[in-house]
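Working notes, structure below.
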Amino acid sequence: MIRGIKGVKDITPDQIPKWTITERTAHALSHAFGFHEIRIPVFEKTELYVRSLGDATDLVEKEMYTFSDRDGTSLTLRPEGTAGVVRAFIERGLKAQPSSRKLYYIGPMFRHERPQAGRFRQFHQFGVESVGNAHPDADIEVITLLWRYFSALHLPGLVLEINSLGESSDRQEYIRTFVSFLKGKEPRLCGNCQRRIHTNPLRILDCKVPLCRETVKGAPSITEFLSQPCQQHFDHVLRGLRLLGIPYTINPCLVRGLDYYALTTFEVSCSVLGAQNAIGAGGRYDGLFQTLGGPPTPAVGFAIGLERVILALPESALPQPDPWVFIASFGEKGREAGLSLLDSLRAEHVKADTDYHASTLKTLLRSADRLGATYVVILGDDEVAGNRITLRNMVTKEQVTYPLSTASAAIVNQLR
RNA sequence: GUGGGUGUAGCUCAGUUGGUUAGAGCGCCGGAUUGUGGAUCCGGAGGUCGCGGGUUCAAUUCCCGUCACUCACCCCA
């Protein structure tokens, strides 16, 4: 037997209701907030991700699905969505279209990691990118959409953490101070962090190794290094969140794993998820456009892991399935009449189905019950002879009869 | 990449101190006389006991290896 790939899951029909509601809610709320869908390729030139994510990040160093095209070009399955959206934005001149500055996407991402609860090699993200607006109101809008999305799905145990990384000049000064603070303390850091001092010092801040947490305790906070405009930007965002009643916690150690972030960063975690509890995260990335050869363009966005949303999704978030009709037709004449009734209901886009295997009323009804039919049309030779059908409500067991000739219209009416 | 746990029916799991035809519940299929589902009762199908090797008269059981799944670390959504 050929098996599927490790960490790559099938989404079977029984799970589809959960996916449908999470995706529908993403589309509906994005539209409500004035965002427009964009569909970008699932693979790009490797260089795009290396340049935008940073070559010292774990994602680029060891988690990308990279392969050679026939001409030798290195290609990579997208590990996240922002880089591709920014590339498309620059390449397609979307700046010229006012309706294309607030974008969202839903689709699969690929990372070569060891799978565990809430982590897969192919997973799905819903993300938004608000491009071209440096005003903190844009940050507020994006965070609000993130929070309202989770609220709409009734996800339990959520915490929003927020931080400001400052502009790159602030950050560089902070990093210098932080690194000199760490000088001499190297033995009191984990091996990973000793390496990070040179590659990515900020990540030491949110290292979970107890030794590192202890060592970093007395370190200066990045908040003290924010320039006046950065501080105002951050304060404006926080004020907006309070105004909208969105609860947050400031976490000065919150550092994103990707290089392109600056200023506002945020992360929502969910307590019911287990070890991989980050369910959505994002921030501002004003420098990325230039990194990718575009004009200076401010932008802010987030990405949500849909598998994690679905893990946390309560049953109560699932909508009632649409009512539908099972056609229980039997006998030679009955089957014939059933066939055409089935077809006319379907032509009206009413869900109608039957079981060709069952041939007696008893087995037909049992089949209808197991399939969860709301109504059953009983249509045997007797009904055909009397030019009528019986419509049975499977919950109340009430039965009413309609003339066969107008049955389709009557049923359509009943279901709507 | 590192560590732990688990591999027996479609699913959830028993089990054998090594011994004949390996079990249960759920699910599935069928039946309980005439054209009315869910409950109950009865019956049925379905298993190379993950794979390979070793020890043994005999291995699903003990040993070794391997693969898969899973949880956790790292990191991330």
Side-chain angles (χ1 to χ4, degrees), chain A residues 1 3-7 9 12 14 22 53 56-64 78-82 106-127 146 150 190-193 195-196 200 203 206-210 212 255-258 266-270 273-283 301-312 326 328-331 334 355 357-383 385 390-399:
Chain A
M1 183 179 79
R3 305 180 55 104
I5 298 165
K6 183 200 287 285
K9 302 294 183 187
T12 47
D14 55 304
T22 53
L53 302 172
T57 54
D58 281 27
L59 224 174
V60 167
E61 278 183 347
K62 52 185 197 193
E63 293 172 8
M64 295 204 303
R78 62 183 186 192
E80 56 99 55
T82 302
I106 298 176
M109 306 294 166
F110 307 85
R111 294 183 192 176
H112 191 103
E113 302 184 271
R114 266 302 256 286
Q116 71 186 75
R119 169 191 287 163
F120 311 95
R121 290 190 172 176
Q122 173 173 334
F123 62 104
H124 297 76
Q125 285 189 334
F126 155 45
L146 175 72
F150 293 140
C190 69
N192 231 325
C193 283
R195 198 176 56 93
R196 285 182 179 134
N200 200 345
R203 295 218 53 79
D206 67 352
C207 183
K208 290 170 190 88
V209 176
C212 299
V255 179
R256 308 271 62 242
L258 313 177
F266 49 88
E267 177 173 314
V268 175
S269 56
C270 176
L273 279 186
Q276 308 307 317
N277 65 353
I279 196 169
F302 67 67
I304 292 171
L306 295 186
E307 278 79 2
R308 293 182 186 177
V309 170
I310 280 162
L311 279 174
F326 181 98
S329 59
F330 51 101
D355 179 352
H357 188 67
S359 55
T360 66
L361 183 54
K362 187 187 195 62
T363 52
L364 283 162
L365 276 168
R366 182 165 58 208
S367 186
D369 182 51
R370 290 179 182 181
L371 291 169
T374 3
Y375 291 94
V376 170
V377 166
I378 296 172
L379 183 48
D381 289 347
D382 291 0
E383 279 75 12
T390 298
L391 185 67
R392 176 179 177 85
N393 180 320
M394 289 298 274
V395 178
T396 65
K397 301 183 181 183
E398 280 175 320
Q399 298 193 166

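Computed from heavy atoms alone, side chains included, the values below leave out hydrogens, waters and symmetry copies. Chain letters run A, B, ... following the sequence lines, proteins first, then strands; residues in each count from 1.
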Touch check for [X], heavy atoms < 4.0 angstrom, all strands: base, sugar-phosphate only, or nothing?
| X | result |
| --- | --- |
| A/Glu61 | nothing |
| A/Gly118 | base |
| A/Leu364 | nothing |
| A/Gln399 | base |
| A/Phe126 | nothing |
| A/Met394 | base |
| A/Arg308 | base |
| A/Glu113 | base |
| A/Ala368 | nothing |

So which nucleotide does [N] pair with, by the Watson-Crick or G-U wobble rule with both distances under 3.5 Å?
| N | result |
| --- | --- |
| B/U48 | none |
| B/A14 | none |
| B/U60 | none |
| B/U2 | B/A72 |
| B/G37 | none |
| B/U20 | none |
| B/G30 | B/C42 |
| B/U55 | none |

Nearest of [options] to any side-chain atom of [X]?
| X | options | value |
| --- | --- | --- |
| A/Asp369 | B/C74, B/C69, B/G37 | B/G37 |
| A/Ile378 | B/U36, B/G30, B/G3 | B/U36 |
| A/Ala117 | B/G38, B/A72, B/A77 | B/A72 |
| A/Ala275 | B/G31, B/C73, B/C74 | B/C73 |
| A/Arg392 | B/G1, B/G31, B/U36 | B/U36 |
| A/Leu361 | B/A77, B/U36, B/C69 | B/U36 |
| A/Leu365 | B/U36, B/G1, B/A77 | B/U36 |
| A/Thr363 | B/G31, B/G3, B/C74 | B/G31 |

Per side chain to side chain contact (heavy atoms under 4.5 Å, CB included), A/Gln116 is matched among A/Arg114, A/Arg119, A/Glu113 by A/Arg119
Rounded to the Å, how far apart are [X] [atom1] and [N] [atom2]?
| X | N | atom1 | atom2 | answer |
| --- | --- | --- | --- | --- |
| A/Arg114 | B/G3 | CZ | P | 9 Å |
| A/Lys6 | B/U70 | NZ | C1' | 10 Å |
| A/Phe120 | B/A77 | CZ | P | 15 Å |
| A/Leu391 | B/G37 | CG | P | 17 Å |
| A/Leu273 | B/A72 | CG | P | 10 Å |

Which whole number of Å gives the distance between the [atom1] atom of [N] and that of [M]?
| N | M | atom1 | answer |
| --- | --- | --- | --- |
| B/G46 | B/G5 | C1' | 29 Å |
| B/U21 | B/A59 | P | 13 Å |
| B/U12 | B/A72 | C1' | 24 Å |
| B/U6 | B/A14 | C1' | 15 Å |
| B/G52 | B/A68 | P | 16 Å |
| B/A39 | B/G25 | P | 15 Å |
| B/C71 | B/U48 | P | 27 Å |
| B/G65 | B/U20 | P | 29 Å |

Most 5' of A/Leu379 and A/Arg111 on RNA chain B, judged by nearest nucleotide:
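Nearest nucleotide further toward 5': that of A/Leu379.
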Which residue lies more 5' along RNA chain B, comparing A/Gly7 with A/His124 via nearest heavy atoms
A/Gly7
Aromatic-base stack, A/Phe330 on B/G35, cutoff 5.5 Å, angle under 30:
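Aromatic stack with B/G35 absent for A/Phe330.
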Would you say [X] reaches [N]'s phosphate, i.e. side-chain N/O to OP1/OP2 under 4.0 Å?
| X | N | result |
| --- | --- | --- |
| A/Gln116 | B/C71 | no |
| A/Lys362 | B/U36 | no |
| A/Gln276 | B/A77 | no |
| A/Lys62 | B/G1 | no |
| A/Arg370 | B/C29 | yes |

Residue pair A/Gly301 / A/Phe266: nearest heavy atoms and the distance that separates them
O-CZ, 3.6 Å
Check A/Ala312 against A/Cys270 and note the closest heavy-atom contact, atom names and distance.
CB-SG, 3.7 Å
Can you tell me how far [atom2] of [Y] sits from [atom1] of [X], rounded to the nearest 0.5 angstrom?
| X | Y | atom1 | atom2 | result |
| --- | --- | --- | --- | --- |
| A/Leu364 | A/Phe330 | CG | CZ | 7.5 Å |
| A/Glu307 | A/Leu273 | CD | CG | 11.5 Å |
| A/Leu379 | A/Asp382 | CG | CG | 10.5 Å |
| A/Ile310 | A/Leu306 | CD1 | CG | 6.0 Å |

Is the side chain of A/Arg121 donor-acceptor paired with the backbone N or O of A/Lys9 at a distance under 3.5 Å, no angle test?
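Not at all, since once roles are kept as given, no pair shorter than 3.5 Å links the two residues.
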Is there a donor-acceptor contact under 3.5 Å from the side chain of A/Arg111 to the main chain of A/Pro79?
yes
